[in-house]
J.: 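Please read through the structure below; I'll follow up with questions.
Worth knowing before you read on, the calculation uses all heavy atoms, side chains too, and leaves out hydrogens, waters and symmetry mates. In this chain, residues are counted from 1 in sequence order.
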Amino acid sequence: MTLIAVTRPVSSSLPRCEISFIQREPIDVALARREHAAYEAALAQAGARVVRLPIADELPDATFVEDTALVLDELAVIPVMGAPSRRGETAEVERCLATYRPVVQLTPPATLDGGDVMRADRTIFVGLTARTNRAAVDQLRALAGPHGYEVAPVVPTGCLHLKSACTYLGRGVVLVNPAWIDSSCLRGLELLPVAGEEPFGANARAVGGKLLYAAGFPATQARLEQRGFEVLTVETSELRKAESAVTCLSLVFQA
């Protein structure tokens with residue numbers, strides 16, 4: 001088995017990205033690209049083989065490849081993305097994933113962003129947000145249920161995607177900002193709360209037994225390390241101006 005991490009380069013049009021919950025700031029594309037290159041290096045350090053998709057300068061958010069698909073062990077699901085401006089991102093991702101998995105598609109009226117999906121073993125938590133609706137939950141349940149997955153809708157608040165409020169780290173542990181989600185929804189899981197002064201710190205990418213984690217959240221990072229996780233810190237401050245997080249930048253799966 002090979003650990004695959006699919007990424008896509010930073011588009012020159014990134015400063016025109018979609019923004020919902022943060023104030024728009026100027027974005028230095030060259031700096032964002034250096035951060036992205038360092039992120040890819042960290043994926044490789046964690047043991048993943050990085051598969052880079054072609055750049056899509058006409059699609060500002062294309063580097064946030066996680067939103068374009070959900071990759072399960074048995075199949076890959078291509079959504080109708082919640083923001084119409086982003087729907088052109090999925091075609092290239094679908095072509096790539098078809099070499100690794102059978103591919104199925106959600107259909108309207110379902111809308112879903114992959115950032116709203118948190119898989120914890122055989123449970124798939126789906127955030128109901130401005131980008132992801134109940135029709136997507138129903139369709140995903142019909143597709144994934146026969147493979148033994150439970151699909152559980154949850155409602156985050158105050159953030160763009162579910163994975164801004166919580167991410168699964170492995171070992172039955174969820175990193176969570178309790179202010180942005182009702183933690184009782186995460187039944188059966190150990191909850192590791194972010195430091196109160198670091199509300200945006202609830203996002204980490206589990207790769208090869210390690211965690212890729214954004215610099216700038218030292219108190220929460222200390223909690224992760226105290227819990228026994230090996231943390232690889234990556235600088236993403238410029239990319240975060242596009243309302244992104246560490247998980248947004250890759251699709252990681254075994255092939």
J.: Would a 4.5 Å heavy-atom cut-off, applied to side chains only, mark Phe200 and Asn177 as touching?
T.: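 No, side chains not in contact.
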J.: Report yes or no: does Thr132 contribute a side-chain atom to a donor-acceptor pair with the main-chain N or O of Thr129 at less than 3.5 Å?
T.: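 Checking the backbone N and O of Thr129 against the side chain of Thr132, no donor-acceptor pair under 3.5 Å is found.
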J.: Could you state whether Phe217 and Leu192 fall into the same hydrophobic cluster, counting links through intermediate Ile, Leu, Val, Met, Phe, Trp or Tyr residues with side-chain heavy atoms under 4.5 angstrom apart?
T.: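 Yes; Leu192 is reachable from Phe217 via cluster members.
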J.: I need the Cys96 SG to Arg52 CZ distance, nearest 0.5 Å.
T.: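 Going from the SG atom of Cys96 to the CZ atom of Arg52 covers 12.5 Å.
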J.: State, with a plain yes or no, whether a side-chain heavy atom of Leu53 is found less than 4.5 Å away from one of Arg95.
T.: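 No, side chains not in contact.
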J.: If you take all heavy atoms of Pro60 and Leu14, which pair is closest and at what distance?
T.: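 Closest approach of Pro60 to Leu14: O-CD1, 3.5 Å.
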J.: How far apart are the C-alpha atoms of Met118 and Leu186, what are their side-chain angles, what is the distance that settles it, and do they pass the side chain to side chain contact (heavy atoms under 4.5 Å, CB included) test?
T.: CA-CA 11 Å; Met118 183 184 76; Leu186 306 175; 4.0 Å; yes
J.: Find the distance between NZ (Lys210) and CG (Leu169) and round it off to the nearest 0.5 Å.
T.: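 Interatomic distance, Lys210 NZ to Leu169 CG, rounded to 0.5 Å: 15.0 Å.
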J.: Checking Asp57 side chain against Ser12 main chain: does a donor-acceptor pair fall under 3.5 Å?
T.: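 At least one qualifying donor-acceptor pair exists.
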J.: Does the Gln139 side chain pair with the main chain of Thr107, one donor and one acceptor, at a distance under 3.5 Å?
T.: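 It does hold such a pair.
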J.: Do any N or O atoms from the side chain of Glu198 and from the backbone of Ala219 form a donor-acceptor pair under 3.5 angstrom?
T.: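 Yes.
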J.: If the threshold is 4.0 Å, N to carboxylate O, is there a salt bridge linking Arg131 and Asp116?
T.: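 Between Asp116 and Arg131 there is no salt bridge, as every charged N stays at least 4.0 Å from the carboxylate O atoms.
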J.: Determine whether Ser237 and Glu235 satisfy the following criterion, side chain to side chain donor-acceptor pair (under 3.5 Å), listing intermediate values before the conclusion.
T.: CA-CA 6 Å; Ser237 57; Glu235 181 57 66; 2.9 Å; yes
J.: Check whether any side-chain heavy atom of Val207 lies under 4.5 Å from a side-chain heavy atom of Ser250, and answer yes or no.
T.: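 Answer no - side chains too far apart.
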J.: Please report the interatomic distance CZ(Arg171) to CZ(Arg227), rounded to the nearest 0.5 Å.
T.: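 The CZ atom of Arg227 is 6.5 Å from CZ of Arg171, to the nearest 0.5 Å.
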J.: Answer yes or no: is there a donor N or O on one side and an acceptor on the other, between the side chain of Glu243 and the main chain of Ser20, under 3.5 Å?
T.: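 Side chain of Glu243 to backbone of Ser20, a donor-acceptor pair under 3.5 Å: yes, one is there.
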J.: Tell me, do Val194 and Leu175 make a side-chain contact under 4.5 Å, heavy atoms counted?
T.: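 A side-chain contact under 4.5 Å exists here.
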J.: Taking Met81's backbone N and O only, do any of them form a donor-acceptor pair with Arg87's side chain (distance below 3.5 Å, no angle check)?
T.: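 Yes; at least one donor-acceptor contact below 3.5 Å.
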J.: So how far is it from Phe125 CZ to Arg187 CZ, rounded to the nearest 0.5 Å?
T.: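 With rounding to 0.5 Å, CZ (Phe125) is 5.5 Å from CZ (Arg187).
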J.: When you group the ILVMFWY residues by side-chain heavy-atom contacts below 4.5 Å and let the links chain together, are Val234 and Leu249 in the same group?
T.: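 Yes.
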J.: Consider only side-chain heavy atoms of I, L, V, M, F, W and Y, link residues closer than 4.5 Å, and tell whether Val173 and Val176 are in one cluster.
T.: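 Val173 and Val176: separate clusters.
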J.: Do Asp67 and Arg8 meet the salt-bridge criterion of a basic N to acidic O distance under 4.0 Å?
T.: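 Looking at Asp67 together with Arg8, the answer is no, because their closest N to O distance does not fall below 4.0 Å.
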J.: Would you name the heavy atoms of Leu97 and Ala69 that are closest together and state the gap between them?
T.: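 Nearest heavy atoms, Leu97 then Ala69: CD1-CB, 3.5 Å.
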J.: If every non-hydrogen atom of Ala255 is compared with every non-hydrogen atom of Tyr100, which pair is closest and at what distance?
T.: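 Closest approach of Ala255 to Tyr100: CB-CD2, 3.5 Å.
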J.: Rounded to the nearest 0.5 Å, how far apart are CG of Asp28 and CZ of Arg33?
T.: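 Between atom CG of Asp28 and atom CZ of Arg33 there are 10.5 Å.
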J.: Can a salt bridge be assigned to the pair Glu74 and Arg122 using a cut-off of 4.0 Å between side-chain N and carboxylate O?
T.: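 Salt bridge: yes.
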J.: Using atom types as modelled and distance alone, determine if a side-chain donor or acceptor of Tyr213 lies under 3.5 Å from a backbone N or O of Gly201.
T.: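 Yes: the side chain of Tyr213 pairs with the backbone of Gly201.
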J.: For the residue pair Glu18 and Arg24, what are the closest heavy atoms and their distance?
T.: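 Closest heavy-atom pair between Glu18 and Arg24: C-NH2, 4.4 Å.
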J.: Less than 4.5 Å apart, side chain to side chain, heavy atoms only: is that true for Val77 and Leu112?
T.: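 Contact flag for Val77/Leu112 side chains = no.
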J.: Are Val252 and Leu3 side-chain neighbours, meaning at least one heavy-atom pair lies under 4.5 Å?
T.: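 Yes; the side chains approach each other to less than 4.5 Å.
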J.: About how many Å separate OH of Tyr39 and CZ of Arg205, when rounded to the nearest 0.5 Å?
T.: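 Rounded to the nearest 0.5 Å, the CZ-OH separation comes out at 5.0 Å.
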J.: Give a yes or no on whether the backbone of Ala56 and the side-chain of Ser11 come within a donor-acceptor separation of less than 3.5 Å.
T.: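 Here the side-chain-to-backbone pair exists.
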J.: If you take all heavy atoms of Asp113 and Gly82, which pair is closest and at what distance?
T.: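 Smallest heavy-atom distance, with atoms named: OD1-N, 3.0 Å.
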J.: Measure the shortest side-chain to side-chain distance between Leu106 and Leu143 over non-hydrogen atoms and say whether it is less than 4.5 angstrom.
T.: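 Sidechains of Leu143 and Leu106: in contact.
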J.: Do Ile55 and Val29 share a hydrophobic cluster, counting only Ile, Leu, Val, Met, Phe, Trp and Tyr and linking them when any side-chain heavy atoms are less than 4.5 Å apart?
T.: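 They do not share one cluster, since no chain of ILVMFWY contacts under 4.5 Å joins Ile55 to Val29.
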J.: A side-chain contact here means heavy atoms from C-beta on lying under 4.5 Å apart; do Arg223 and Pro193 qualify?
T.: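 Arg223 vs Pro193: side chains touch.
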J.: Do you see a donor-acceptor pair shorter than 3.5 Å between the side chains of Thr68 and Glu89?
T.: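 Per modelled atom types, Thr68 and Glu89 side chains form no pair under 3.5 Å.
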J.: Examine Arg119 relative to Tyr149 and say whether NZ or CZ is less than 6.0 Å from the centre of the six-membered ring and inside a 45° cone about the ring axis.
T.: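 Arg119 over Tyr149 ring: no.
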J.: Using modelled atom types and a 3.5 Å cut-off, is there a donor and acceptor pairing between side-chain atoms of Glu35 and backbone atoms of Glu238?
T.: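 Between the backbone of Glu238 and the side chain of Glu35 there is a qualifying donor-acceptor contact (under 3.5 Å).
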J.: For residues Ala46 and Leu232, report the shortest heavy-atom separation together with the two atoms involved.
T.: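 Looking at all heavy atoms of both residues, the closest pair is CB-CD1, 4.1 Å.
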J.: With hydrophobic residues grouped by side-chain heavy-atom distances under 4.5 Å, do Leu75 and Val93 end up in a single group?
T.: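 Unlinked, Leu75 and Val93 end up in two clusters.
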J.: Begin with the C-alpha distance, continue with both residues' side-chain angles, and end with the deciding distance and a verdict on side chain to side chain contact (heavy atoms under 4.5 Å, CB included) for Ile22 and Leu160.
T.: CA-CA 9 Å; Ile22 64 174; Leu160 177 61; over 6 Å; no
J.: Keeping the roles fixed (side chain from Asp182, backbone from Ser184), state whether a donor-acceptor pair exists under 3.5 Å.
T.: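 Yes: the side chain of Asp182 pairs with the backbone of Ser184.
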